[in-house]
Amino acid sequence: MGGAAAAAVALLAATRRSPAAAPLAFLLPRAARAGLHEAAAPAAEEEKGRTRRRRRRRSSSSRLLGPDIPDTWDPPPRAAARPPPPSGAGVDYDSTATIIDGKSVAEDIRFQIAEEVRQMKNAVGHVPGLAVVLVGDRRDSESYVRYKIKGCEEVGIKSLLAELPGNCTEDVVVDSVSRFNEDPSVHGILVQLPLPQHMDEERILSAISLEKDVDGFHPLNVGNLALRSRKPLFVPCAAKACLELLLQSGIELMGKHVTVIGRSKVVGLPTSLLLQRHHATVSIIHAFTTNPEEITRQSDIVISAAGVANLVRGSWLKKGAVVIDVGTNPIEDPTSDYGYRLTGDVCFEEAVKLASAITPVPGGVGPVTIAMLLANTLDSAKLAYGLATESPEL
């Protein structure tokens, strides 16, 4: 570097250390200023090179949305998988949790629905209609559908059932849904889940008319549920049942820590969205959560919908927690007429000693879920016939 350029660089360094010296740079001879630019150019190029190396490509949409991995729960560790105590063993029901009686709540709701159906028939000469699409011969799905049809009969709602073989094509199911969409006597359509693995569940559910989506699974209904400024036409029935049981039991939600175990579109996801509308602080536990027991033990309210029998043990609960057990898991039982019995996700015999209130299985969330389906079907019919309907309380 020449003497003039070296002097220029020295002067530039001085101006950087002292802003007051900055005007001196303009007193340099033209040659010195040229030397200054020549000296600064390699440094600038080096800086640009470093900047270029720091750049990163933005993540793809698929990466941002996360991997599509099935939420399959591993069996509990051997130490935690001990069988539950015999039913009723060592449990003093007079001094333990309040049992939230879903059967009683559902009975009151069905009574009200039946009265409104009679009023509708007198006013417009029609009753609500519910269509069910059942694909395959899963024993549990057939059982759930029977309960839904029986519920319709009890309150005066017309029911239609389309039974399709498990090896039918996806288009056959969509065609069945489309026929019900066009039938003015049908006000609610549900496709019993799960569907056979070869079928695109999203495509089939999206084929249901928004106005007849009484299960609340249509993307617009789910999206409107997620946006607090909007209201969905219908809220998914199991999520609605969980909230109904909490509200009917007088349990405060605002500001409470609620843990939802499971994140399915049927229960976990809509329940967590609904709880946030009630200003609860919500934690979601799923199959990849590393410390589920610790998180759950901090919760005021625990809602379990994982589909794993006896997943939630007494050690998962703090004293006084409220427990809503959505799980209905068949367990082999030679003494039962059907060869099995239903049990929940929560080990009832352990939880009942710690919880302040708990739902049993069966007889808890299940009956209220069916009552919510009937209520959604009634509301859909009211909309179709131009009758007054309550906006869903979210």
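Keep in mind that the numbers below use all heavy atoms, side chains included, and drop hydrogens, waters and symmetry copies.
Proximity of a side-chain donor or acceptor of Asp213 to a complementary backbone N or O of His218 within less than 3.5 Å is detected.
For the atom pair SG (Cys152) and CD1 (Ile370), the distance works out to 9.5 Å, reported to the nearest 0.5 Å. The structure places CE of Met254 at 5.0 Å from NE2 of His279, a figure rounded to the nearest 0.5 Å. Residue Thr281 holds its OG1 atom at 10.5 Å from CG of Leu275, rounded to the nearest 0.5 Å. In this structure, Ser141 OG and Arg146 CZ are separated by 11.0 Å, a value rounded to the nearest 0.5 Å. Here CG of Asp325 is found 7.5 Å from OG1 of Thr343. Values are rounded to the nearest 0.5 Å.
There is no side-chain donor-acceptor pair under 3.5 Å between Glu211 and Ser380. Looking at His257 and Ser283, their side chains do bring a donor and an acceptor atom within 3.5 Å of each other. Asn310 and Asp345 form no side-chain donor-acceptor contact under 3.5 Å, judged by distance and modelled atom types alone. Under the 3.5 Å distance criterion, with hydrogens and angles disregarded, a donor-acceptor pair is assigned to the side chains of Ser185 and Lys158.
Within the 4.5 Å cutoff, the side chain of Leu317 has heavy atoms near those of the Val312 side chain. Looking at Leu233 and Leu210, their side chains come closer than 4.5 Å, going by heavy atoms from C-beta outward. Side-chain contact between Ile99 and Phe348 is present, with heavy atoms from C-beta onward closer than 4.5 Å.
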Test log, rule salt bridge (charged side-chain N to carboxylate O under 4.0 Å, His left out), inputs Arg138 and Asp140: CA-CA 6 Å; Arg138 281 180 59 118; Asp140 54 347; 2.7 Å; yes
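Salt bridge Glu115/Arg118: present, at least one basic N to carboxylate O contact under 4.0 Å. Between Lys212 and Asp183 there is no salt bridge, since none of the side-chain N atoms of the basic residue sits less than 4.0 Å from a carboxylate O of the acidic one.
Minimum interatomic distance between Leu378 and Pro128 (heavy atoms only, all atoms of both residues): CD1-CG, 4.0 Å.
For an aromatic pair to be called close, the ring centres must be under 6.0 Å apart, and Tyr385 with His187 satisfies this.
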